[in-house]
Amino acid sequence: MTRSIELRVNGTTHRVEVEDRRLLSDCLRHDLGLRGTRVGCEHGVCGACTVRLDGQAVRSCLLFAVQVEGQEIQTVEGLADPEGPLHPLQEAFHRHGALQCGYCTPGFLLTAAQLLDELRAEPNPEPPSEEEIRVLLAGNLCRCTGYGPIVRAVLEQATCAAGADPTEPSGEDRR
Amino acid sequence: MKPPPLRLLRPASPTEACALLAEAGDAGRALAGGQSLVPLLNLRLAAPEVLVDLNPLTELATLACGTGALRVGAMVRQRTLERDPLVRRRLPALPAALAHVGHLATRNRGTIGGSLAHADPAAELPLVAVALGATVELLGPKGPREVPAAELATGFLSTCLEPGELLVACTFPLLGPTEGAGFAEAAPRAGDFALAAACCRLGLDPEGRVAAATVAVGALGPTVQVVPEAAQVLLGSPPGPARFAEAGALVGASDRLDPPASLHASPPYRRHLARLVVEEALAEAARAAQAARNGSPSREDRREEEHGA
Ligand code: FES
Ligand code: FES
């Protein structure tokens, strides 16, 4: 059985015909051609398929496309304006060498983007520690980088988002 | 892999959801956050023909804190509960445990009711619900009923839910003025399934001695286990490391445990971890109880004050 649904992705509304069992990850990739969203394990373990649903990072391989009608979906393609500069997180990943093959990168970016937005929304945000960043990113697997540069890039941007200076070491576990 | 062909139904009310589930019988499953069920579908370990999607039921996503209890609707997301300021103040053991549930992206979607109804023995929420004496509300074709959280799970991934029955809420009693609760877990990495987890509750008498205690552990058998012998040794004396070690040792050696063997941990190693997490959870419970008794702010309150929140 298929149905016609309306999906809002990166600010654009798309109409697609999908089976009820169509995973959001497959709908984004195959029906809408948005292949920035990656599929690694397809059972919720690797985080490669992470997108944001109304601002919340979620596994798109654990959602059915028909469930998210009317909600705002953000994928890596919508992180920065295609005509403008990269998103600060993307820029930091670039600068820190936080990607090699890049397969895991969109998932890391969208997970970290939620943290950055939450820190910016808090009245007096506490800059997160490296340990907290590692815990945050534990749900995303990377086979290439060894995580160090990813943690450094996210820590730097989270520190900025909390209104602190990332070059200033503070807290015992800050390198 | 991809999920098998299925029909996803979107009920307009909890009652309609029950009717749809009853009608579908064995071929139907309720879909909450989907963080456990959808992996099973994708792996083709489950193949229901009908999914009854509870996500549209906003009436199941309410959080209410009364004078003596916190009622959490089944569709409240784990992260919502974890971040709720009132919950952090009144029942800090709950957010402490929730921080161990999966990862940010799974907690954003995963629900309280889904976790309880899935009845994974290594899951944090069923453990906390049992240790804190929570009650779950079920709604079914024969109407509503209430079940103590300790009676919900009947075995590995099995519950007392009847066909067509839906878990609609869980009510946690708030701790008294001289009570504290603590949670501790051992897992290979942040967000992994626990190898051993403990949730303990302590109540103190006016002299500061332990007057009431609950010791419960998870991931050490087919369901959450309460170990009354371990609670017993704590009674009548002030809480302290020696007593906690005694209680931990009793849990580690208890016949009530049936720790599974896994790649990460043999049964004897899990028993060893059981001892450690019980000691840690008891220390946290004692600290919280003493803070409550002295009327001094709990760790959470202090954090909030420090952070100016
Ligand atoms: S593809 Fe979704 S979590 Fe791995
Ligand atoms: S850069 Fe290759 S998997 Fe992370």
Side-chain angles (χ1 to χ4, degrees), chain A residues 1-3 18-26 30 39 41-71 107-108 110-112 114-115 118 122-126 131-141 162, chain B residues 1-10 31-56 77-80 82-83 85 99-110 114 187-193 303-309:
Chain A
M1 192 181 90
T2 68
R3 344 179 176 187
V18 289
E19 275 186 274
D20 280 10
R21 63 164 163 162
R22 189 62 145 176
L23 296 173
L24 177 61
S25 46
D26 285 341
H30 304 310
V39 173
C41 64
E42 212 160 56
H43 62 267
V45 173
C46 72
C49 67
T50 305
V51 300
R52 290 174 80 190
L53 184 65
D54 291 338
Q56 308 265 295
V58 291
R59 309 282 206 226
S60 62
C61 73
L62 300 185
L63 282 168
F64 297 103
V66 294
Q67 287 186 286
V68 296
E69 249 194 314
Q71 286 176 278
F108 274 99
L110 289 152
T111 304
Q114 181 184 344
L115 171 72
E118 283 179 356
E122 262 178 54
N124 290 302
E126 173 88 349
E131 175 62 23
E132 284 166 326
I133 297 296
R134 286 187 179 273
V135 169
L136 170 80
L137 299 177
N140 291 75
L141 301 183
Chain B
M1 288 198 297
K2 313 298 176 193
L6 50 82
R7 275 188 310 138
L8 189 124
L9 308 181
R10 313 203 89 192
L31 174 64
Q35 303 301 292
S36 303
L37 178 56
V38 181
L40 294 177
L41 301 176
N42 292 3
L43 294 165
R44 303 273 175 128
L45 294 171
E49 286 157 31
V50 169
L51 288 181
V52 179
D53 187 5
L54 308 179
N55 288 280
R77 309 285 170 187
Q78 291 154 4
R79 189 137 196 282
T80 306
E82 181 192 354
R83 306 233 316 160
H100 293 272
V101 181
H103 306 284
L104 172 75
T106 62
R107 292 203 289 276
N108 278 338
R109 188 75 187 166
R189 289 168 304 187
D192 280 355
F193 278 110
R303 247 178 87 98
E304 272 179 30
E305 278 155 27
E306 278 164 21
H307 295 189

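Atoms considered below: every heavy atom in the structure, side chains included; atoms not considered: hydrogens, waters and symmetry mates. Computed from a predicted model, the values in this text were never measured in an experiment. Per chain, numbering begins at 1; letters A, B, ... match sequence-line order.
Atom-to-atom distance recorded for A:R3:CZ and B:L8:CG is 6.0 Å, nearest 0.5 angstrom. Atoms CD and CG, from A:E118 and B:L104 in turn, are 7.0 Å apart once rounded to the nearest 0.5 Å. To the nearest 0.5 angstrom, A:Q56 atom CD is 7.0 Å from B:T80 atom OG1. Atom CZ in A:F64 sits 5.0 Å away from atom CG in B:L41 (nearest 0.5 Å). Annotation: the span from B:K2 atom NZ to A:S25 atom OG amounts to 6.0 Å, rounded to 0.5 Å. The CG atom of A:D54 lies 11.0 Å from the CG atom of B:N108; values are rounded to the nearest 0.5 Å.
In terms of heavy atoms, A:V66 sits closest to B:R10 at O-NH1, 3.9 Å. Nearest heavy-atom pair across B:A190 and A:A138 is O-CB, 3.7 Å. Between A:C61 and B:N42, the shortest heavy-atom contact is O-ND2, 3.1 Å.
In B:E49, the CD atom is not crowded: 12 or fewer heavy atoms of neighbouring residues, nucleotides or ligands sit closer than 6.0 Å.
The shortest side-chain heavy-atom distance between A:R59 and B:V38 does not fall under the 4.5 Å cut-off. Using a 4.5 Å heavy-atom threshold, the side chains of A:Q67 and B:D53 count as touching.
Looking at B:L40, neither its backbone nor its side chain comes within 4.5 Å of chain A, counting heavy atoms on both sides. In this structure, chain B has a heavy atom under 4.5 Å from the side chain of A:D26, while its backbone stays farther away. Using a 4.5 Å cut-off between heavy atoms, B:P4 touches chain A through its backbone atoms (N, CA, C, O) alone. When heavy atoms are compared at a cutoff of 4.5 Å, B:L37 does not approach chain A at all. With a 4.5 Å cut-off on non-hydrogen atoms, B:R107 does not touch chain A at all. Only the side chain of A:L23 comes within less than 4.5 Å of a heavy atom in chain B; its backbone stays farther off. For a residue to count as touching a neighbouring chain, one of its non-hydrogen atoms must lie under 4.5 Å from one of that chain's; by this rule B:L6 touches chain A with backbone and side chain alike.
The candidate from A:L63, A:T50, A:L53, A:L110 with the greatest count of non-hydrogen atom pairs under 4.5 Å with chain B is A:L63.
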